[in-house]
S.K.: 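Provided herewith is a single structure, encoded as structure tokens, for subsequent inquiry.
Numbers here simply count residues along the sequence, with the first being 1. Indexing begins at 1, ligand by ligand and atom by atom, following the structure's order.
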Amino acid sequence: MANLYDILAEGFPADRTKPAFILSDGTQVSYAELEAGAAQIAGHLVASGVAPGDRVGLQTEKSVEAVMIYLGVLKAGAVFLPLNSAYTKAEVDYFIHDAAPRVFVTDAQAFRDEANDADPLTEAVARKETDLASLIYTSGTTGRSKGAMLSHGNLAENARALHRAWGFTPDDVLLHALPIFHVHGLFVAMHCAFLSGAPMVWLPKFDDAQVLAGLAKSTVMMGVPTFYTRLLANPQFTRRAAAHMRLFICGSAPLLESTFAEFEDRTGMRILERYGMSEAVIITSNPLHGDRIPGSVGYPLPGVDLRIGGGQETGVIEIRGPSVFSGYWEMPEKTAEEFTADGYFKTGDVGRQDPDGRVWISGRAKDLIISGGYNVYPKEIELILDELPGVTESAVVGVPHPDFGEGVVAVVIGVGDEAAMIATCRAQLAPYKTPKRVVFVDELPRNTMGKVQKNLLRDRYSNLFST
Ligand code: AMP
């Protein structure tokens, strides 16, 4: 049995009348309804000529029907291609041209209704572990977006590992406020719920009032760092509001140590940070039992071989393991470039590893600044700035500089005195690492997963040092 659908469905509760989704208006959708919907959609796809391996695209708002389509696509042996609902027509045209989906769904409800007339597919189409289950276009900020090919085996292995690592049981209730066009909400969160036969408190998006109400009914929440900063900004988020929860998990972007500390102060609970990417789903996690250390992304999951490339203490993280994708869709050369000769994937994230295996990430390799020929890791400077009074968060980038090639610029949310901040940094850092300018802003540009878009900052300040 290798079709991911079957593996997930094995976790569904024996009593299928139990809820799979609890909606904000109180309505529940049972596992029986989810299963029936997926079977009808699978039947409809097969009847429409969708063959194993064909891509089925979906670009819609988050909904229960969208999940039925995801599971139906898996069951039919086709390849699920989710697209960010915010993509413009021109962006979507690129993905359609690249992935050539057989079917492209833009209205999940209408598609679900259409499938009502189809004969449900009772047995999932047989798939091998190496067969493609999903094509995930990376949110890459430069160059062409690449489709990461994830197999049934990749996704099943990661789902099982997370389900175990985070101690999921049928008694859990998962608060789901993430988008489902990205691996975090689509695979990481939903698969943990399905493997446990647990319900999800299903929110269309993050809204603090709805999340606060949902926390009272849930036991686990998965979120991006901005979920946590927004919750903390709400005075109604108290120890009491979090009392029903056993676990808060965070990832997709670095969690600030200050957020971790404030969260612990407020709730008495330590956020569990983990690290992942579209190409390998989850790679490392802080422990469920044991020390969750702020600033560290924890240990490689069982089965993941992780090493630091380049022979230095800090370098590009390389990984090998059951969840690592097989390559980029129709880009054999790009794929070959991103793997080492001995089969490790070069993640593009720079980090280091303690002797006991614990991993620390210092940023993306492409965000490395080279100033006067020296390497500058932005994280080192950001950590100093973030400690300063008046600073909420900082992002350090390199922009063209006539003397140094690149000059270090600190973009800071907060208030302060530029010269004083530079002097404070200089007291702790070599001159080439010290920001040459500090710019104050109200907010940093972020993508939907809460990642700071440093490429936009580099563009914005590209003329700061031009003469
Ligand atoms: P995506 O493919 O969109 O999921 O983006 C993956 C990237 O997000 C990784 O390569 C990391 O750069 C970043 N990322 C994910 N989780 C973390 C984390 N806990 N800390 C720092 N960066 C992270």
Side-chain angles (χ1 to χ4, degrees), residues 82-84 86-87 134-143 145-150 154-155 158 162 165-166 178-189 222-229 248-257 259-260 270-287 292-301 304 306 309 314-319 323-325 328-329 338 345-353 358-368 377-379 382-383 386 393 395 446-455:
L83 292 180
N84 188 330
Y87 283 146
S134 187
L135 202 52
I136 300 289
Y137 278 86
T138 56
S139 50
T141 43
T142 50
S145 188
K146 309 177 287 287
M149 298 192 286
L150 291 158
N154 292 148
L155 297 175
N158 206 248
L162 297 177
W166 295 337
L178 291 158
I180 54 167
F181 50 73
H182 182 271
V183 289
H184 193 168
L186 179 62
F187 302 143
V188 182
M222 295 190 196
V224 295
T226 36
F227 283 19
Y228 294 102
T229 46
F248 288 94
I249 304 176
C250 184
S252 286
L255 177 69
L256 292 179
E257 294 186 25
T259 309
F260 181 98
R270 291 164 82 84
I271 297 173
L272 183 152
E273 186 176 6
R274 93 303 178 279
Y275 155 62
M277 63 196 313
S278 302
E279 289 89 340
V281 201
I282 299 297
I283 303 162
T284 72
S285 173
N286 270 279
R292 298 178 198 160
I293 300 185
S296 162
V297 292
Y299 301 94
L301 288 178
V304 174
L306 183 148
T314 300
V316 172
I317 295 173
E318 298 178 350
I319 51 168
S323 71
V324 177
F325 77 135
Y328 294 112
W329 176 255
E338 304 296 328
F345 172 58
K346 302 182 223 166
T347 61
D349 290 310
V350 176
R352 65 186 166 82
Q353 191 172 27
R358 187 177 271 286
V359 177
W360 305 76
I361 293 180
S362 46
R364 297 287 297 164
K366 64 177 178 356
D367 293 331
L368 178 78
Y377 293 102
K379 180 85 179 252
E382 289 161 4
L383 286 174
D386 291 349
E393 189 175 352
R446 291 176 200 276
N447 71 7
T448 33
M449 300 310 291
K451 289 192 230 293
V452 174
Q453 293 172 298
K454 289 199 165 173
N455 57 320

S.K.: Is there a side-chain contact between C250 and M222 (heavy atoms, below 4.5 Å)?
M.R.: no

S.K.: Between E279 and ligand 1, is there a nitrogen or oxygen pair with a distance under 3.5 Å?
M.R.: no

S.K.: Give the atoms of ligand 1, by number and element, whose distance to some non-hydrogen atom of P254 is under 4.0 Å.
M.R.: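 In order of number, 20 (N), 21 (C), 22 (N).
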
S.K.: Going by the order shown, which atoms of ligand 1 are within less than 4.0 Å of some heavy atom of R364?
M.R.: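 With R364 as reference, the close atoms of ligand 1 come out as 10 (O), 12 (O).
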
S.K.: Do the non-hydrogen side-chain atoms of T284 and Y299 ever get within less than 4.5 Å of each other?
M.R.: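 T284 does not reach Y299 side chain to side chain.
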
S.K.: Write down the atom of Y377, the atom of S362, and the distance for their closest heavy-atom approach.
M.R.: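 Smallest heavy-atom distance, with atoms named: CD2-OG, 4.5 Å.
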
S.K.: Measure the shortest side-chain to side-chain distance between H182 and I136 over non-hydrogen atoms and say whether it is less than 4.5 angstrom.
M.R.: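 No - every pair of side-chain heavy atoms lies 4.5 Å or more apart.
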
S.K.: Heavy atom under 4.0 Å from ligand 1: found in C250's side chain, backbone, both, or neither?
M.R.: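 For C250, no heavy atom sits under 4.0 Å from ligand 1.
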
S.K.: Which of the atoms in ligand 1, numbered in the order shown and given with their element, are less than 4.0 Å from a heavy-atom of K451?
M.R.: 1 (P), 3 (O), 4 (O), 5 (O), 6 (C), 7 (C), 8 (O)

S.K.: Heavy-atom pairs closer than 4.0 Å: do any link ligand 1 to the side chain of S252, the backbone, both, or neither?
M.R.: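 The backbone, only.
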
S.K.: Among G251, S278, G276, which residue places a heavy atom closest to atom 15 (C) of ligand 1?
M.R.: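 Looking at heavy atoms only, the winner is G276.
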
S.K.: Minimum heavy-atom separation for R358 and N286, please, with both atom names.
M.R.: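 Shortest heavy-atom separation between R358 and N286 comes out as NH1-OD1, 3.0 Å.
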
S.K.: Please list, in number order, the atoms of ligand 1 under 4.0 Å from a heavy atom of E273.
M.R.: 18 (C), 19 (N), 20 (N)

S.K.: At the 4.0 Å heavy-atom cut-off, does V297 count as touching ligand 1?
M.R.: yes

S.K.: Write down the atom of A280, the atom of N158, and the distance for their closest heavy-atom approach.
M.R.: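 Minimum heavy-atom separation between A280 and N158: O-ND2, 4.0 Å.
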
S.K.: Taking the six-membered ring where the residue is Trp, are the ring centres of Y228 and F260 under 6.0 Å apart?
M.R.: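 No: the rings miss the under 6.0 Å criterion.
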
S.K.: Within ligand 1, which atoms have a heavy atom of H182 less than 4.0 Å away?
M.R.: 1 (P), 3 (O), 4 (O)

S.K.: Without swapping roles, check the side chain of S296 against the backbone of I293 for a donor-acceptor pair under 3.5 Å.
M.R.: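 The answer is no, because no donor-acceptor pair under 3.5 Å joins these two groups.
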
S.K.: Does D349 have a heavy atom less than 4.0 Å from any atom of ligand 1?
M.R.: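 It does; at least one heavy atom falls under 4.0 Å.
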
